[in-house]
Number of protein chains: 4
Amino acid sequence: MEYNEKQIHIMDTAEKLFATKGFNGTSVRDIAEAAEVNLAMISYYFGSKEKLLEAVFVYRSEFFKLQLESMIQNKELTPLQKMESLIDEYINKLTSQQYFNTIMLREQMKNSNPLVIAQIYNLKNRNMLLIQELIEEGQKKGVFTNDINIYLLMSTMVGIANHVHMTKQYFAEKQGLQGLSEEALMKKIQMILSQHIKKIFKTILTNEA
Amino acid sequence: MEYNEKQIHIMDTAEKLFATKGFNGTSVRDIAEAAEVNLAMISYYFGSKEKLLEAVFVYRSEFFKLQLESMIQNKELTPLQKMESLIDEYINKLTSQQYFNTIMLREQMKNSNPLVIAQIYNLKNRNMLLIQELIEEGQKKGVFTNDINIYLLMSTMVGIANHVHMTKQYFAEKQGLQGLSEEALMKKIQMILSQHIKKIFKTILTNEA
Amino acid sequence: MEYNEKQIHIMDTAEKLFATKGFNGTSVRDIAEAAEVNLAMISYYFGSKEKLLEAVFVYRSEFFKLQLESMIQNKELTPLQKMESLIDEYINKLTSQQYFNTIMLREQMKNSNPLVIAQIYNLKNRNMLLIQELIEEGQKKGVFTNDINIYLLMSTMVGIANHVHMTKQYFAEKQGLQGLSEEALMKKIQMILSQHIKKIFKTILTNEA
Amino acid sequence: MEYNEKQIHIMDTAEKLFATKGFNGTSVRDIAEAAEVNLAMISYYFGSKEKLLEAVFVYRSEFFKLQLESMIQNKELTPLQKMESLIDEYINKLTSQQYFNTIMLREQMKNSNPLVIAQIYNLKNRNMLLIQELIEEGQKKGVFTNDINIYLLMSTMVGIANHVHMTKQYFAEKQGLQGLSEEALMKKIQMILSQHIKKIFKTILTNEA
DNA sequence: TATGAATGAGGTTTCATTCAT
DNA sequence: AATGAATGAAACCTCATTCAT
């Protein structure tokens, strides 16, 4: 599917609103106004509000995919270093695609649109495969333990990172960081998260603190 | 605030629907039909849909509070044992109050009703205090390390547990557990989660794998 | 019809609200709350909101009747003096019964309840008779002219007085009297109105300025 | 603000209903049915029932303004003749815009919409200025007395005319004019009112009967 | 291709009244 | 005699979508 500039603009606007106010909390009128396009355009381009959501998913999933292939092939990195790379890549995606990520979280909570669910599972499976590959490499090389539950590992990374992102306002308050700019706060969170998750992964993967 | 049986029944019904379909995705009519009460009853008892949500929060928050006081005073348990107890208690609450928990997650995602936000922060702060107390006890006794970020620790427990709960269907598929009853699956997840989080906490708190 | 204290209290409250917000703009709940009585009391005592309005009319009409009989019999007063007395009496009623008067004005504007219309016509007719009597006395004595349109005369008094009352806020602004207390303003208006209408009546009745 | 035919049609219909049944006594459904438009059109065009009232006010105020500029400049008319012209113009407006006038009267009785109040004051102030101008001209020329209260003068004209209009049914009954067509009755009232108010004005302005 | 106008359906809330006690 | 609980009806408004152009 090819989208023109206006369509992409609508999707960007919708993505932000869906993330902020929820799918049902966002009216087509809201989107049209925020995107400064004619109300009828949205049905005209996407068919319906539901299909607009699907379009956002199909379109954004592409950008959300972790780009790790070359790094994984890199023979100069240890399995643990590669895993750390993956963690950073994930945290980066989360930060740069926070609206889309929020929508994904929301949609996982309800019996959502099948196409949307499929996209989410797709992404999850892709990430799973990358982690799986790394785990197996580490296990073969004898640096990772043998009893690793990939699903739990992934949930650890995704769960912690998402929770911190979702509650970043609370975090800022508790850590006395309300003064920080949004950008600076995000950077700080990224750093802390990266370090924290890496530490946890090391223990899980290598059984060493 | 005292509620009569009918009011509690409406709140229970609303809680389930809000969790399943979201606040905006649930109409007052949905609630009235599901609860088998007259549509006008809901405004009559709660004033508005918004205030019904607030009522659910105020009412359920009570049940969601961790009950750990006596355990914490118990001098026969080590700090780590107490922390493990806290983890189990939290995971139990999550399981038994999963609808309410889902609503809380949803509400944290948007600029929600101030009263609702206040209730959530309240609960978070309570839990923080309990963890704080335990950490300090452990540090005094020299069994916990000194550089523990409470907020990160809490986010670790809450984030992982919630993520696994939210995606339990995906988990079941990946682990080949689709055959299990809902109840059995929940039990399994509880067990796995408990073990997993305890392991992570041990590393973070004691720096030992 | 005899009313108990509570019923009178409800009617007083309703009178004020009907005058201030209009019949349709006032809900039975409003009245119940303002009167601090149980909501069901109103239907219970008066049957319906409509019948409450009727009750207010029947009850208040009594108080609104001009009390001029003895004055009219007084042989020491000239017809013009009697007419001036009548003007003062009317203006007094208007001031002391302003809520009821406002309701009457409102109800005359629409196709109102027949009983209400009847009450209003009743009052009007009574006043008409008094004026008629005075006019005839004046004409017999040769101090009033012979071509007096009673209806126009009455409309002059009632129209001017009501209009000034209704727009008293505008009047206060224009005359720089915003600082005055409500009471002082009413007194001032009463005085000005009395003088003004008397002057007009003199011209109409005697053809002298 | 430019309105299309349909919008004007809706405003005309609403004006009539608001005048006849009051703002609160008129439902949006009433208006939609009377105007034979879809119910949603009204919100679509005007936003809300309240804003429709405002629109009626803004739109109609234009037509209600007295058009007297050229007459006032006319050097061949005496101040009194001009004042009589003004009276006729006002009575004409009242007759031709009776629905709008009724709404204005209603709205002055309650704490109404600020925009509506502003429009009313606007109109009043405009009329006041015209009268003021005429009075001053008359006083300069020595034909009017010096102690004229403009506000009272205006209230005299407006109050009498409105009261007669409002109670024209009663008038018709009392004068034995029930047989007359609506139009003929209006004409009769206009004539009588004009003559009556002019007479009163002459006395007030010149102190001559 | 693009859009202003339009609309049926359904949203939440309030209403006056009734009923069981 | 008095009232808390309840409710059907109707209020206003917004929704996603369609249609004529």
Side-chain angles (χ1 to χ4, degrees), chain A residues 4 6-7 10 14 23-33 36-53, chain B residues 4-7 10 14 23-33 35-53, chain C residues 4 6-7 10 14 23-33 36-53, chain D residues 3-7 10 23-33 35-53:
Chain A
N4 65 35
K6 215 169 202 173
Q7 286 170 312
I10 291 171
F23 179 74
N24 286 302
T26 305
S27 74
V28 177
R29 195 166 245 102
D30 286 342
I31 299 167
E33 273 165 22
E36 294 181 301
V37 300
N38 182 282
L39 175 60
M41 283 266 44
I42 287 161
S43 294
Y44 177 65
Y45 274 144
F46 299 95
S48 70
K49 188 182 160 189
E50 189 79 24
K51 289 211 184 103
L52 168 57
L53 176 66
Chain B
N4 64 37
E5 269 188 42
K6 211 167 207 172
Q7 286 170 311
I10 291 171
F23 179 75
N24 286 303
T26 306
S27 73
V28 177
R29 187 166 267 108
D30 288 341
I31 299 167
E33 274 165 20
E36 291 182 303
V37 299
N38 181 284
L39 177 60
M41 281 270 43
I42 285 158
S43 293
Y44 175 67
Y45 275 142
F46 300 96
S48 70
K49 187 181 160 190
E50 188 81 24
K51 288 210 185 104
L52 169 56
L53 176 67
Chain C
N4 64 36
K6 214 170 201 173
Q7 286 169 312
I10 291 171
F23 179 73
N24 286 302
T26 305
S27 73
V28 177
R29 196 165 244 103
D30 287 341
I31 300 167
E33 273 165 22
E36 294 181 303
V37 299
N38 182 282
L39 175 60
M41 284 266 44
I42 287 161
S43 294
Y44 176 67
Y45 274 144
F46 299 95
S48 71
K49 187 182 161 188
E50 188 80 24
K51 290 212 183 100
L52 168 57
L53 177 67
Chain D
Y3 294 111
N4 65 36
E5 269 189 42
K6 211 167 207 173
Q7 285 171 313
I10 291 171
F23 178 75
N24 286 302
T26 305
S27 74
V28 177
R29 185 166 266 107
D30 287 341
I31 300 167
E33 274 165 20
E36 292 182 303
V37 299
N38 182 284
L39 176 61
M41 282 271 44
I42 286 159
S43 293
Y44 175 68
Y45 274 142
F46 299 96
S48 70
K49 187 181 158 189
E50 188 80 24
K51 288 209 186 107
L52 169 57
L53 176 67

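Within every chain, numbering begins at 1; the chains are lettered A, B, ... in the order of the sequence lines, protein sequences first and strands thereafter.
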D:Lys51 NZ to F:dC12 P, in whole Å, measures 15 Å
Residues two or more places apart in sequence or in another chain: which of them pass side-chain contact (heavy atoms from CB on, under 4.5 Å) with D:Ala40?
-> D:Asn38
Heavy-atom contacts, protein to nucleotides 7-17 of chain E, under 4.0 Å, summarised as B (base), S (sugar-phosphate only) or - (none) per nt, yield BB--SBBBSSB
Rounded to the Å, how far apart are A:Ile42 CD1 and F:dT18 C1'?
-> 15 Å
Those residues that, when tested against D:Glu50, pass side-chain contact (heavy atoms from CB on, under 4.5 Å) (two or more places apart) | D:Phe23, D:Ser48, D:Glu54, D:Asn113
What residues, two or more places apart in sequence or in another chain, satisfy ring pair (Phe, Tyr, Trp, His ring centres under 6.0 Å) together with D:Tyr3?
-> D:Tyr59
Is there a side-chain contact between B:Ile31 and B:Leu52, using heavy atoms and a 4.5 Å cut-off?
-> yes
Please give, in whole Å, the distance from F:dG4 P to C:Glu36 CD?
-> 14 Å
Does a side-chain heavy-atom distance below 4.5 Å link C:Tyr45 with C:Lys6?
-> yes
Donor-acceptor pair, A:Lys49 side chain versus A:Thr26 backbone, under 3.5 Å?
-> yes
Whole-Å distance between F:dC12 P and D:Leu52 CG?
-> 11 Å
Taking only residues at least two apart or on different chains, which pairs with a member in residues 24-33 of chain B satisfy salt bridge (Lys or Arg N to Asp or Glu O under 4.0 Å)?
-> B:Lys21-B:Asp30
Candidate pair C:Ile10 and C:Phe46, rule side-chain contact (heavy atoms from CB on, under 4.5 Å), full reasoning | CA-CA 10 Å; C:Ile10 291 171; C:Phe46 299 95; 3.6 Å; yes
Represent DNA chain E in dot-bracket notation, 5' to 3'. Only Watson-Crick or G-U wobble pairs with both distances under 3.5 Å count; pseudoknot-style crossings use [ ] and interstrand partners use |.
-> .||||||||||||||||||||
Whole-Å gap separating P (E:dT3) and CZ (A:Phe46) = 14 Å
For A:Tyr45, report the nucleic acid contact type (base, sugar-phosphate, nothing); a contact means any heavy atom under 4.0 Å.
-> sugar-phosphate
